[in-house]
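Values below: all heavy atoms of this structure, side chains included; hydrogens, waters and symmetry mates excluded.
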Amino acid sequence: MKLRYLFFLSIGGLVLFLGACSTKKDAFVNRNWHALNTRYNVLYNGGLAFEEGRETLNNSYRDNYWEILPVERMQVSEEIRLDSEDNNPNFLLAEEKATKAIQKHSMEVGGQERNPQTDEAFLLLGKARYFDQRYIPALEAFNYVLKKYEKSNKLNEARIWREKTNLRLGYDELALKNLNTLFKYDVLTDQDYADARAVAAQAYINLQALDTAVQQMKIAAAYTRKTEEQGRYYFIIGQLFNRLEYPDSADMAFDKVIDLNRKIPRVYLVNAQLQKIGNIEITPENRDEVREYLTDLEKNRENRPFLDKIYRSLAVYYHKIEAEGAALDYYNKSLRVSQGEPYLNTLNYTDLAEYYFDQNNYKSAGAYYDSVLMNVPENSRTFRSVSKKRENLDDVIAYEAVVRYSDSVLNLTAMTPVERGIYFQTYIDSLKVEAEAEELKKEQQTRTGLQSFSESQGGQENQGKFYFYNVTSLGYGKNEFRQRWGDRELEDNWRWSTKSRILSEVTADENAVAEGGEKTLLDSEKFSLDYYLDQVPEDPAVIDSLQKERNFANYQLGLIYKEKFKELMLAAARLEAVLDSDPEERLILPSKYNLYKIYEEEGSPLQEPMKFDIIENHPESRYAAILTNPEAALTSQQNTQEVRYAELFTAFKAQEYLEVITGTEEAIEQFTGEPIVPKLELLKANAIGRLQGFNQFREALNYIALNYPNTPEGKKAQVLVAEQIPKLESSDFSKVTTAEGTSNWKVVFPFSRTQHDKALALKKRLDKSIKDLMYDYTVSRDIYDLQTEFIVVHGFPSQSYAHGYVELLKNNKNYMISNENFVILSDNYKVVQVHKNLADYRNQLQTPKSQ
């Protein structure tokens with residue numbers, strides 16, 4: 001009987017279970033079965049995955065406390081995602097659970113949802129997609145809740161999440177419109193009200209309405225029940241007041257963050273304290289108090305994770321009070337303990353670069369600007385700005401090096417022989433002191449290391465052993481050997497002094513290669529007075545060249561400081577140095593005019609005397625014309641430059657290369673210091689290449705690349721030197737001489753430049769022959785050099801065709817052309833024109849001549 005009752009009971013339970021599983025019946029058991037299963041099984045696991053994913057996002061996200069913090073801590077990529085590839089697995093799991101709850105437990109009966117947990121499933125689905133940055137699918141889920149579940153208690157939450165999604169999609173105005181409707185017509189819980197106001201604040205921040213954003217953030221901070229959010233909101237309020245330039249109000253907000261103390265993450269507390277310090281104007285009265293406050297923050301063990309920011313604040317403090325040594329020390333400390341924050345590194349490297357730039361240490365400044373570029377995105381405005389500064393520094397570094405070297409050598413040449421001897425002997429003595437100190441340091445380190453080893457357990461075990469088995473004695477002996485003999489190869493006659501000398505020279509040469517050509521001095525040179533005295537130039541031509549290089553470098557530095565860095569005092573110092581150093585005539589007038597413009601901008605009393613000097617001593621110059629009638633002169637000057645360049649370019653196209661070279665030289669002299677000069681230099685270089693050949697062309701391009709590196713023409717010259725010049729360097733001729741089918745051969749008729757009229761007459765006859773015979777050839781006049789020009793017939797498919805044409809011209813009674821000529825492959829003609837080695841070509845190939 002018991003078994004029968006148990007059987008029927010089981011059957012009834014099974015029927016009840018199967019009936020409860022149905023999603024089509026609106027029964028009490030069905031509703032509660034699916035509601036409980038949804039809430040405590042599927043959604044519970046989905047909620048756990050969602051919270052774990054959100055925690056992972058919070059832990060991985062790094063706030064930038066030098067910019068206004070976003071209301072929500074979330075790392076956002078630039079792209080809008082539409083699928084689920086490479087997304088957070090926790091959010092994918094949460095989405096999967098929400099989808100499962102919807103698909104298996106939704107009870108839509110009679111057009112109404114009877115499972116009260118389905119709206120929460122859709123809400124979880126939207127949240128998971130939102131944090132996976134798939135905003136459009138997330139928006140669909142939130143909108144579905146709002147349209148389908150009008151009586152749900154999750155409607156307000158869904159509205160808030162929908163507006164958060166609209167913000168992520170860039171619809172700030174739409175989000176504000178919907179939120180204002182929500183505030184007006186709905187009753188919200190405190191937390192929902194705080195969340196909605198925070199979303200509205202973010203929208204106003206995005207729209208740069210910062211004063212309105214402050215009001216929204218204050219409401220959000222007052223209503224939120226989460227202390228971490230409260231601390232973040234007050235911190236953002238402080239940042240907004242700082243951006244609005246209300247430091248007192250900002251400090252009040254930061255004080256509220258500080259008052260929360262251990263109730264919030266310490267990162268907000270520390271950064272609030274540092275923001276307050278940043279708002280203080282350092283005065284002699286409060287400087288000690290500020291330093292003590294920062295020092296206390298530095299010494300607090302709980303602040304160790306934030307030492308990079310604290311060290312930077314100390315660096316900025318010391319920089320403000322002009323304690324530059326301490327400031328540099330703390331900048332470097334901040335960089336050493338940096339937690340991999342690119343923005344903080346950028347700030348530190350930028351401050352260091354600007355400090356060294358102000359100290360005229362441009363090489364160090366350039367290195368720090370390079371570090372800045374490594375910490376900012378390539379497509380950012382900061383990257384472009386710093387890149388421009390860095391490029392300008394290349395010129396400054398190069399010219400400053402020229403000035404330093406020239407000044408040092410010229411100072412030596414100005415000394416008497418006795419003074420030079422004293423100078424170099426003092427230098428040698430200092431080198432000897434340094435060498436002795438280094439040697440003593442190495443010996444002390446060696447003895448200290450050996451003593452430490454001898455007192456250790458291993459050293460004690462070696463006591464009393466034969467020399468070669470005693471590690472302490474053996475180590476000391478090896479060290480003494482190296483100090484006395486250096487590193488010697490294991491070979492016969494190792495003690496010969498020549499071995500030491502040869503090895504030293506080889507090492508020195510290797511070092512020279514490794515260091516870009518700077519040869520390492522041997523001891524015999526390093527401590528030799530005669531060696532240094534021999535390096536001082538005595539040739540007047542060399543000294544004069546150094547003076548010219550220094551003056552030109554100072555002039556270029558003056559222009560760079562004036563035009564690119566706006567460092568007018570530095571520019572004035574350089575240009576004044578030019579005028580004080582007996583410069584070339586071409587540098588005097590532009591230096592005076594640029595000094596006049598600097599004095600004018602600075603309001604210096606030297607302005608009028610310089611103006612008078614230019615007008616009085618250079619009355620016919622264009623600068624004098626500019627000063628006497630500025631508007632007309634400037635317009636005329638611009639037109640004159642453009643017209644002159646156009647004339648020279650037309651001459652270049654007409655192959656009047658000598659005229660172009662002399663004309664550009666005159667124009668460069670006339671327009672020194674103007675933007676047109678690099679264009680003239682490049683035109684001149686091309687004319688030189690066409691007329692004089694490869695070596696002169698390469699030299700002219702190198703000059704442009706060196707002296708105008710930041711102009712378009714200078715950059716083009718650099719590309720040509722790096723990429724095209726190596727391709728033109730070979731002067732070898734192709735060995736092809738008789739191969740049929742080799743395209744593009746030429747027939748060349750050489751003429752002396754004094755026979756120009758005869759050359760043009762021949763060109764006319766050749767044009768007629770090609771037209772009469774209906775050949776597909778072309779004829780050109782090409783300049784070879786100052787003495788020779790060519791009339792060239794182009795386009796023969798083979799050498800035999802070219803020779804056949806020559807024979808036809810010679811024997812046909814209508815033409816009877818027997819001028820001297822030769823046949824040449826197109827590639828070889830290019831070599832001849834580039835290297836001007838026609839004689840070599842004729843000698844090598846022994847090209848037959850037609851009589």
*Between atom CG of N551 and atom OG of S581, what is the distance when rounded to the nearest 0.5 Å?*
5.0 Å
*Are the side chain of S406 and the backbone of V403 linked by a donor-acceptor contact shorter than 3.5 Å?*
no
*Candidate pair E601 and K566, rule side-chain contact (heavy atoms from CB on, under 4.5 Å), full reasoning*: CA-CA 11 Å; E601 191 166 344; K566 307 303 179 185; 5.9 Å; no
*Ignoring hydrogens and angles, tell me if any N or O in the side chain of R390 forms a donor-acceptor pair with the backbone of G366 under 3.5 Å.*
yes
*Measure the CG-CG distance between D534 and L529 for me, rounded to the nearest 0.5 Å.*
9.5 Å
*Between OG1 on residue T664 and CD1 on residue I688, distance to nearest 0.5 Å*: 7.0 Å
_Before you tell me yes or no, could you show the steps for S334 and L344 under side-chain contact (heavy atoms from CB on, under 4.5 Å), namely the whole-Å CA-CA distance, both residues' side-chain angles and the distance that decides it to 0.1 Å?_
CA-CA 9 Å; S334 178; L344 174 61; 4.2 Å; yes
*Less than 4.0 Å between a side-chain N and a carboxylate O, is that true for K441 and E438?*
no
_To the nearest 0.5 Å, what is the distance between CG on D580 and CG on L575?_
11.0 Å
_Pair K363 + E400: basic N to acidic O under 4.0 Å_ = no
*So with a 6.0 Å cut-off around CE of M569, is the heavy-atom count from everything else above 12?*
yes
*Identify the two heavy atoms, one from G421 and one from L533, that lie closest to each other, and give their separation to 0.1 Å.*
N-CD2, 4.2 Å
*asked:* Measuring only between side-chain heavy atoms, which start at C-beta, is N554 closer than 4.5 Å to R550?
replied: yes
_Closest non-hydrogen atom pair between F697 and G689, with its separation_ = CB-CA, 3.5 Å
_Ignoring hydrogens, what is the shortest heavy-atom contact between L579 and P583? Give both atom names and the distance._
O-CD, 4.0 Å
*Would you please say whether a donor-acceptor pair under 3.5 Å links the side chains of T283 and E285?*
yes
*Between D63 and R232, is a side-chain contact (heavy atoms from CB on, under 4.5 Å) present by the stated rule, with each step listed?*
CA-CA 11 Å; D63 280 311; R232 186 176 185 87; 3.0 Å; yes
*Would you give the length of the straight line joining atom CD of E298 to atom OG of S313, rounded to the nearest 0.5 angstrom?*
11.0 Å
_Over 12 non-hydrogen atoms of neighbours within 6.0 angstrom of CZ in F565_ = yes
_Worked check of side-chain contact (heavy atoms from CB on, under 4.5 Å) between D329 and Y318_ = CA-CA 10 Å; D329 184 45; Y318 282 115; over 6 Å; no
*So do N64 and E341 actually touch side chain to side chain, heavy atoms under 4.5 Å?*
no
_Is any side-chain heavy atom of L568 closer than 4.5 Å to one of Y561?_
no
*asked:* Is it true that, when you exclude D370 itself, more than 12 heavy atoms of the residues, nucleotides or ligands shown sit nearer than 6.0 Å to its CG?
replied: yes
*asked:* One pair to check against side-chain hydrogen bond (donor to acceptor under 3.5 Å, both in side chains): D351 and Y331. What are the steps and the verdict?
replied: CA-CA 8 Å; D351 287 350; Y331 277 126; 3.0 Å; yes
*So which heavy atom on F254 is nearest to which on Q239, and how close?*
CZ-N, 3.8 Å
*Can you tell me if D544 uses its side chain to pair, donor with acceptor, with the backbone of P540 under 3.5 Å?*
no
*Verify the neighbour count for atom CD of E419: are there more than 12 heavy atoms of other residues, nucleotides or ligands below 6.0 Å?*
yes
*Distance flag, aromatic centroids of F235 and Y65, threshold under 6.0 Å*: yes
*Give a yes or no on whether the backbone of I282 and the side-chain of N286 come within a donor-acceptor separation of less than 3.5 Å.*
no
*Using modelled atom types only, decide if a donor and an acceptor are shared between the side chain of S385 and the backbone of R381 within a distance under 3.5 Å.*
no
*Say whether, by atom type as modelled, one donor and one acceptor occur between the side chain of Q359 and the main chain of A365 under 3.5 angstrom.*
no
*Q718 CD to L701 CG distance, which is reported to the nearest 0.5 Å*: 11.0 Å
*Which one of Y368, Y362, Y369 satisfies the ring pair (Phe, Tyr, Trp, His ring centres under 6.0 Å) criterion with F357?*
Y362
_I'd like to know if R291 and D288 make a salt bridge, using a cut-off of under 4.0 Å between side-chain N and carboxylate O._
yes
*Does A541 offer a backbone N or O that forms a donor-acceptor pair with the side chain of D539 under 3.5 Å?*
yes
*asked:* I'd like to know if the side chain of Q275 pairs up with that of N279 as donor and acceptor (distance under 3.5 Å, no hydrogens or angles considered).
replied: no
*Ignoring hydrogens and angles, tell me if any N or O in the side chain of S387 forms a donor-acceptor pair with the backbone of F383 under 3.5 Å.*
yes
*With a 4.5 Å heavy-atom cut-off, do R574 and L559 have their side chains touching?*
no
_Tell me if a side-chain donor or acceptor on E713 pairs with a main-chain N or O of I704 at a distance below 3.5 Å._
no
_Tell me whether the count of non-hydrogen atoms from other residues, nucleotides or ligands lying under 6.0 Å of CD in E289 goes above 12._
no
*Are any of the side-chain heavy atoms of L294 and Y317 separated by less than 4.5 Å?*
yes
*Does I725 reach the side chain of N702, with side-chain heavy atoms less than 4.5 Å apart?*
no
*Shortest non-hydrogen contact from A722 to P726?*
O-CG, 3.5 Å
_Enumerate the ring pair (Phe, Tyr, Trp, His ring centres under 6.0 Å) contacts for residues 296-316, please, sequence neighbours excluded, ordered by first and then second residue._
Y311-Y330
_Minimum side-chain heavy-atom gap V270-L297 below 4.5 Å_ = no
*Side chain proximity check, T413 to Q547, heavy atoms < 4.5 angstrom*: no
*Return the minimal non-hydrogen interatomic distance between E729 and F694, and the atom names on each side.*
CA-CZ, 3.6 Å
*Going by atom types alone, do E67 and Y343 pair a side-chain donor with an acceptor below 3.5 Å?*
yes
*Output yes when a side-chain donor or acceptor of N242 lies under 3.5 Å from a complementary backbone atom of A250, and no otherwise.*
no
